[in-house]
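Below are the structure tokens for one structure; questions will follow.
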Amino acid sequence: MKWDISKIDSWKAEEFPLGAAIPEAGNSRDYRTGGWRSERPTLDRDTCTACLTCWIDCPDTSIRVADEKLAEDWLDLDHCKGCGICANECPVEAITMVPEGCELPGVK
Ligand code: SF4
Ligand code: SF4
């Protein structure tokens, strides 16, 4: 289907084609946004001070906490989309973004 948008500036809201329908709020957990990721955060536990800034700032709630520190399985790879906010906001640079498929020695 091809839309004639030559008069789009004069369209009223009801004339815009429907792009997507979100039938209920909070359904993003049903989608694996980790599939978008080209880079993955890696954690240096020796440097981490457990300030939990990354946990607060992660927009996808993909960082797990246990006993007031990052959990052993700290990263939800199904939903982390690799935005890098955690690495950017960590005050001690304990998180490093690496390309998917890359391992750093001593870092997980
Ligand atoms: S922001 Fe950095 S220091 Fe703080 S909990 Fe996260 S990784 Fe650790
Ligand atoms: S890269 Fe983005 S989505 Fe993944 S854990 Fe860090 S802040 Fe969350």
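Excluded from the calculations below are hydrogen atoms, water molecules and symmetry mates; all remaining heavy atoms, backbone and side chain alike, are included. Numbering of ligands and ligand atoms starts at 1, following listing order.
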(request) Show which atoms of ligand 2 fall inside a sub-4.0 Å distance from at least one heavy-atom site of Ile63. (result) 5 (S)

(message) Ignoring hydrogens, what is the shortest heavy-atom contact between Cys86 and Ile95? Give both atom names and the distance.
(response) CB-CD1, 3.8 Å

(request) Side-chain contact test, heavy atoms from C-beta onward, threshold under 4.5 Å: evaluate it for Leu43 versus Cys48 and give yes or no. (result) yes

(request) For the residue pair Val65 and Leu52, establish whether any side-chain heavy-atom pair is separated by less than 4.5 Å. (result) yes

(request) Could you check if a side-chain atom of Trp74 sits within less than 4.5 angstrom of a side-chain atom of Arg45, using non-hydrogen atoms only? (result) yes

(message) Counting only heavy atoms not in Glu93 (residues, nucleotides, ligands), do more than 12 fall under 6.0 Å from its CD?
(response) no

(message) Taking NZ in Lys81 as the centre, count heavy atoms belonging to other residues, nucleotides or ligands within less than 6.0 Å. Is the count above 12?
(response) yes

(message) Could you tell me if the side chain of Pro41 sits less than 4.5 Å from the side chain of Leu75, heavy atoms only?
(response) yes

(request) Flag the pair Glu100 / Arg37 as yes when at least one side-chain heavy-atom distance between them is below 4.5 Å, and no otherwise. (result) yes

(message) If we only consider heavy atoms of Leu75, is any one of them less than 4.0 Å away from an atom in ligand 2?
(response) yes

(request) Give me the protein N, O or S atoms that fall under 2.8 Å of atom 2 (Fe) of ligand 2, sorted by chain and residue number. (result) Cys83 SG

(message) I need the protein N, O or S atoms closer than 2.8 Å to atom 8 (Fe) of ligand 1, given as residue plus atom name.
(response) Cys48 SG

(request) With the side chain counted from C-beta on, respond yes when Arg64 and Asp73 share a heavy-atom pair under 4.5 Å apart, and no when they do not. (result) yes

(request) Identify the two heavy atoms, one from Ile5 and one from Trp11, that lie closest to each other, and give their separation to 0.1 Å. (result) CG2-CH2, 3.9 Å

